[in-house]
Amino acid sequence: MSEIPMRRYMSCQICAVAAACFLAASIVAAAESYPTKPVHIVVAFSAGGTTDILARSIGQQLSERLKQPFIVDNKPGGGGNIGTEFVVRSAPDGYTLIVDSVGPIAVNPTLYKGLSYDPLTDLVPIVQIANVPNVLVVHPSLGVKNVGEFIAYAKAHPGSLYYGSTGIGTSSHLSGFMLGKRADIEVTHVPYKGADALNDLLSGRVQFMFATIPSVIQHIEAGKLSALAVTSAKRSRSLPNVPTVIESGFPNFEAGSWFGLFAPKGTPQAIVTQLNVTVNDILGVPPIQEQMIREGADPAGGTPAEFARFVQREYEKWKLIVRESRATPE
């Protein structure tokens, strides 16, 4: 290569390196000043549910600490797919986030065929906000006090027990499927949308349900429902006197819900780290912990890497359960 072309080549290389450095510096500068405008937190479900409640609680605390509004936008539909895809397609600048849950992230990639995105690779896990175990609740008219009595009743009355869920492929549906399979009992699934499942359980039209603790804790305390077991590995701090399904004789039975904060793939690491540190600080405040526990959620926290590993394990677990159940979307 002659001297003049070599000089041109070197000049181009220097320009390319300079441009890359400038871009990197710009990203770092933007991340360091983040946020400079309102941040939108998408919830892929309707207002009033557990995901929405947690998103609004965390959003309010983020607003106070980071001095910019964190606005919750509800984008329900498609079992959580519509809101999740909206965030996947959003600019990875830290100004569109999502509080998502086990269904859209770990269940739907198997349940829904042909999704145009992959939540495991197209979203960046920031931090796990909470674990919300399901709790096996029965109508008091059943007259059972624990899982053993419940199974004995089911075997003595085959085909007579109906359980409600918040939809096909949800953790409430798949938890019931798992128990029926593991206990070898004949139960019938009745899928609902929204609060209708709980309303029919309270009226006795269905006899049991695996519900999230926040949705039923007040009814348990009022004696309108009987809590038999929770689906977490350890007892819930919200219902410390209720045993786990594992304690009740079913090893490795874990089928709870969880919730976490995600961002679009490509979001600067500095922003991910800042949000992770801030949310961990929020979850470490005793009054906030106490409020979450009262409402049925166990505060989580941890690093982005820990959350990413947890999400992958959850996907692998639910993939097998969804396939075994042969569930298909409504």
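Because the structure is predicted, anything quoted here is derived from the model rather than measured.
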Enquirer: Donor-acceptor check, side chain of Asn131 to backbone of Ser232, threshold 3.5 angstrom: yes or no?
Expert: no
Enquirer: Evaluate side chain to side chain donor-acceptor pair (under 3.5 Å) for Glu85 paired with Ser116, printing each intermediate quantity in order.
Expert: CA-CA 8 Å; Glu85 183 172 7; Ser116 62; 2.9 Å; yes
Enquirer: Would you please classify the geometry between the Phe150 ring and the Phe208 ring as parallel, tilted or perpendicular, with 30° and 60° separating the classes?
Expert: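 Perpendicular, since the angle between the ring planes exceeds 60°.
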Enquirer: Taking Lys319 first and then Glu316, would you say they form a salt bridge - that is, a charged N and a carboxylate O separated by under 4.0 Å?
Expert: yes
Enquirer: Ignoring hydrogens and angles, write down the donor-acceptor pairs under 3.5 Å from the side chains of residues 51-59, residues two or more places apart or on other chains.
Expert:
| from | atom 1 | to | atom 2 | distance (Å) |
| --- | --- | --- | --- | --- |
| Asp52 | OD1 | Arg56 | NE | 3.0 |
| Asp52 | OD1 | Arg56 | NH2 | 3.3 |
| Asp52 | OD1 | Asn74 | ND2 | 3.0 |
| Asp52 | OD2 | Gly48 | N | 3.0 |
| Asp52 | OD2 | Arg56 | NE | 3.0 |
| Arg56 | NH2 | Asn74 | OD1 | 2.9 |

Enquirer: Could you give the side-chain donor-acceptor pairs of residues 298-305 under 3.5 Å, partners two or more places apart or in another chain?
Expert:
| from | atom 1 | to | atom 2 | distance (Å) |
| --- | --- | --- | --- | --- |
| Asp298 | OD1 | Arg237 | N | 3.3 |
| Thr303 | OG1 | Glu306 | N | 3.0 |
| Thr303 | OG1 | Glu306 | OE1 | 3.4 |

Enquirer: Rounded to the nearest 0.5 Å, how far apart are CD of Glu64 and NZ of Lys67?
Expert: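 It comes to 7.5 Å.
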Enquirer: Sub-3.5 Å donor-acceptor pair from the side chain of Asp122 to the main-chain atoms of Pro119, do we have one?
Expert: no
Enquirer: Do Ser172 and Thr166 have side-chain atoms, one donor and one acceptor, less than 3.5 Å apart?
Expert: yes
Enquirer: Treating Ser215 as the side-chain partner and Thr212 as the backbone partner, does any N or O pair qualify as donor plus acceptor under 3.5 Å?
Expert: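 Yes, Ser215 side chain to Thr212 backbone: donor-acceptor pair under 3.5 Å.
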Enquirer: Do His157 and Tyr153 pass the ring-ring contact (aromatic ring centres under 6.0 Å, His included) test, and can you show the C-alpha distance, the side-chain angles, and the key distance before you say yes or no?
Expert: CA-CA 6 Å; His157 304 83; Tyr153 181 97; 4.1 Å; yes
Enquirer: Less than 3.5 Å apart, any donor N or O on the side chain of Gln128 or Trp258 sitting next to an acceptor on the other?
Expert: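 Distance-only check fails for Gln128 and Trp258.
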Enquirer: Checking Phe262 now: which residues fulfil ring-ring contact (aromatic ring centres under 6.0 Å, His included) with it, not counting sequence neighbours?
Expert: Phe307
Enquirer: Is a salt bridge present between Glu247 and Arg235, judged by a nitrogen-to-oxygen distance below 4.0 Å?
Expert: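 Salt bridge between Glu247 and Arg235, a charged N being under 4.0 Å from a carboxylate O: yes.
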